[in-house]
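Worksheet: the structure to be examined is printed underneath.
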Amino acid sequence: MSTPLIMFLAFVGLTLLITFWAAKRNTGASAYFAAGRSITGWQNGLAVAGDYMSAASFLGISGMIYVAGYDGFMYSVGFLVAYITVLLIVAEPLRNAGKYTMADLLAYRLSPRPVRALASLSTLVVSTFYMIAQMVGAGAIIKQLIGIEFEPAVIGVGVLMLVYVVFGGMLATTWVQIIKALLLMIGALMLSYLVLQFHEFSFTKFFNAVAHADYGGTADPKNLMEPGLKFGVAVAGPWGPIDLISLCLGLVLGTAGLPHILVRFYTVPDAKTARSSVVWAMAIIGLFYIMTTLFGFGAATILDKATLTTNGKLDVNMVAPVLAQVLGGEFFFAFISAVAFATILAVVAGLTMSASASFAHDFYSNVLHHGKENRPGQEIRVARITAFCVGAASIGFAIYLGPTVNAAFLVGLAFSVAASANLPVIVLSVFWKRFNTTGAVAGLGVGLVASILLILLGPNGIFGKEAPFPLSNPGIVSIPIGFIAAWLGTILTARDPGAEAKFAELKVRAHTGLGSEKATAH
Amino acid sequence: MSEKTPVNWAAIEEKPEFRALLARKKAFIVPAFFFFMIYYLALPVLVGYFPEVMKTRVWGEVNIAYVFAFSQFIMAWVMAWLYVRVAAKWDKMAADVIRDEA
């Protein structure tokens, strides 16, 4: 049995034990959907980081920096800075005024049924697309790392993730994410150390090598410290810089609208802990993305492109594992491979958890059954069935689309919908008294449709290079569209005295935590 | 709480203590948000439209573009630290506002 396989199995065994432990503690909706609101600040910070740092960021960003240098590093910066939006605007009001899902905050003073229906749709779209991207990546990576074929690899990841979510709920998902975040940080620290050791612990030597990156002596030296290799006018044409600005806007406003990140703030006892968990997450996420400088740029000074090429195609996702192999040998390669595997599992579990909670709580309980539970435990049962359906659908799509599907397209779509549909409505419902149901429905609906259309019409979409819309990141257009739709929907329709009267209540709840959901476990 | 009389949200919202809390929060969050958005978006704008200036070396091979990108990490952490400091004061104000209710 190969060393990577043994490490995979060790991780799987440990997480199944956690699931077994968590399953015994799942005694009610608050326990299942919000881990009993008993997670501490540093634990939730690690879990947020574990939920957020996907395989796309560990493997994808390393690869992007390896190829495009500085421009790839732009993603690293945006992924951290985005948490200021979460910290300043979203985390505390959400924890104070909500219960299980993003829609709890949106539906607070508006007509719950239309708002929840659309918020639930948007959550399912974001989560499913994000998940297909992760699944496809997972299948391809597992095939490379331990030689299991694409289809069984995708099915394996899907089934494991379902075991965590269906039996272990939010508590098991949280601990899987915490362990994954710790493993990822250990792996990244060791990889960074080895890169620095290669350059004799001299930053002068390191940056010198990056500025003359020659891919292990196999290519003409290229200055990867200089911007422009991906978004520069010379490479990307006149729209390149705008595409970069649009990417940054999408990252910095999209993160605060990602449903699987938002629901993490319901797992802590109060808004103060939600705040400290964002700070913990920012410390970990920031440290991680600073290290992408070392192993992303570092790889370009060490790794030959030929070692990453299979069947004439450069597989940039393999940069981090292959770098580990070259610098640290087979055992370290196995460890980094297991970390990549853990990363994928933790993220897909978080996505499935938020999608199924939204369908069960928003759509099934509140839209179909007007907020009344017919039998106790029904909401959890529906969530488990939904998790199963979402998981099965994602496995099916991932296998149908196959290993060649453009993962950047799917991740871009998720961030774009989050920034253009979810965030405008979250912000306006907390800060604008006049905001009404039509405005929320318009913001969610138009933001969702605009994001999908612009991405389909863009360079990553159906027309490829002939695309009628020049930007692969539509944020700079779709975010204003989302805000304007929400604003127009509100001012063009009658004032809603009920919603405005409840604004006082929402304000008091959001800013003081009075009447917020209390911790149940411990 | 369920046994007590329902909370009079409108009355709390009108309390001067609550209004003061909101004013304090606004006075920090609004400028902080705009500062961070401008500081952050300056990065892609400068890198996209003034690449030659940004390529100017400041320390060995390290250029302005890299230093500015790196400073974003520091900015984010400093911002988080400042926020946590002021938010601790808001927690006390919020506790005063709802003391009679809990």
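Numbered from 1 within each chain, the chains take letters A, B, ... in sequence-line order.
Screening A/E505, A/K502, A/K507 against B/W9 for a side chain to side chain contact (heavy atoms under 4.5 Å, CB included) leaves a single residue, A/E505.
Only the side chain of A/V279 has a heavy atom closer than 4.5 Å to any heavy atom of chain B. Neither the backbone nor the side chain of B/W81 comes within less than 4.5 Å of any heavy atom in chain A. In this structure, no portion of B/Y39 lies under 4.5 Å from any heavy atom of chain A. Residue A/F79 does not touch chain B at all, counting heavy-atom pairs closer than 4.5 Å. If you measure heavy-atom distances from B/F36 to chain A, the contacts under 4.5 Å come from the side chain alone. With a threshold of 4.5 angstrom between heavy atoms, B/Y40 approaches chain A through side-chain atoms but not through N, CA, C or O. Heavy atoms of B/A95 lying under 4.5 Å from chain A are absent altogether. Proximity to chain B is absent for every atom of A/L506, based on heavy atoms less than 4.5 angstrom apart. With a 4.5 Å cut-off on non-hydrogen atoms, B/L22 touches chain A through its side chain but not through its backbone. With a 4.5 angstrom heavy-atom cutoff, B/K25 touches chain A only via side-chain atoms. Residue B/M93: no heavy atom, backbone or side chain, is found under 4.5 Å from chain A. At a 4.5 Å heavy-atom cutoff, the contact between B/V45 and chain A is made by backbone and side-chain atoms alike.
Considering CE of B/M54 and OH of A/Y70, their distance stands at 5.5 Å, rounded to 0.5 Å. To the nearest 0.5 Å, the span separating CE on B/M37 from CG on A/L253 amounts to 4.5 Å. Interatomic distance, CD1 of B/I98 versus CG of A/L514, reported as 5.0 Å (0.5 Å rounding). To the nearest 0.5 angstrom, A/L244 atom CG is 7.5 Å from B/L43 atom CG. In this structure, the separation between OG1 on A/T512 and NZ on B/K15 is 9.5 Å, given to the nearest 0.5 Å. In this structure, B/W77 CH2 and A/L80 CG are separated by 7.0 Å, a value rounded to the nearest 0.5 Å.
Atom CZ of B/F68 is surrounded by more than 12 heavy atoms from other residues, nucleotides or ligands within 6.0 Å. Atom CZ of A/R434 is surrounded by more than 12 heavy atoms from other residues, nucleotides or ligands within 6.0 Å. No more than 12 heavy atoms of other residues, nucleotides or ligands shown are found within 6.0 angstrom of CZ on B/F34.
Annotation: side chain of A/T85 is in contact with side chain of B/F33 (closest heavy-atom distance under 4.5 Å).
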Is there a side chain to side chain contact (heavy atoms under 4.5 Å, CB included) between B/Y83 and A/R275 once you walk through the steps? CA-CA 9 Å; B/Y83 179 82; A/R275 179 194 310 150; 3.9 Å; yes

Take B/L41 and A/C248 through the side chain to side chain contact (heavy atoms under 4.5 Å, CB included) test and state the conclusion after the steps. CA-CA 7 Å; B/L41 290 177; A/C248 290; 4.1 Å; yes

Go through the steps for A/F203 and B/V62 under the test side chain to side chain contact (heavy atoms under 4.5 Å, CB included), then give the verdict. CA-CA 10 Å; A/F203 279 102; B/V62 177; over 6 Å; no

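Here the side chain of A/N208 pairs no donor or acceptor atom with the backbone of B/E61 at under 3.5 angstrom.
For the set B/A32, B/P44, B/G48, the count of heavy-atom pairs under 4.5 angstrom toward chain A peaks at B/P44. Comparing B/F28, B/Y49, B/W90 by how many heavy-atom pairs each has under 4.5 Å with chain A, the most go to B/Y49. For chain A, the option among B/A69, B/A88, B/A94 with the highest count of heavy-atom pairs below 4.5 Å is B/A69. Contacts with chain B were tallied for A/V210, A/V233, A/I242; A/I242 has the most, counting heavy-atom pairs under 4.5 Å.
Taking both residues in full, the closest heavy atoms of B/R57 and A/N223 are given as NH2-ND2, 3.5 Å, listed atom of the first, atom of the second, then distance. When all heavy atoms of B/N63 and A/M225 are compared, the closest pair comes out as ND2-O, 2.9 Å. Nearest heavy-atom pair, A/I84 versus B/M79, reported as atom, atom and distance to 0.1 Å: CG2-CG, 3.8 Å. Nearest heavy atoms, A/P227 versus B/V47: CB-CG1, 3.4 Å. Closest of all the heavy-atom pairs between B/Q72 and A/V77 is CB-CG1, 3.5 Å.
In this pair, B/Y66 and A/F73 present their aromatic rings parallel. The plane angle is below 30°, not in the 30 to 60° band.
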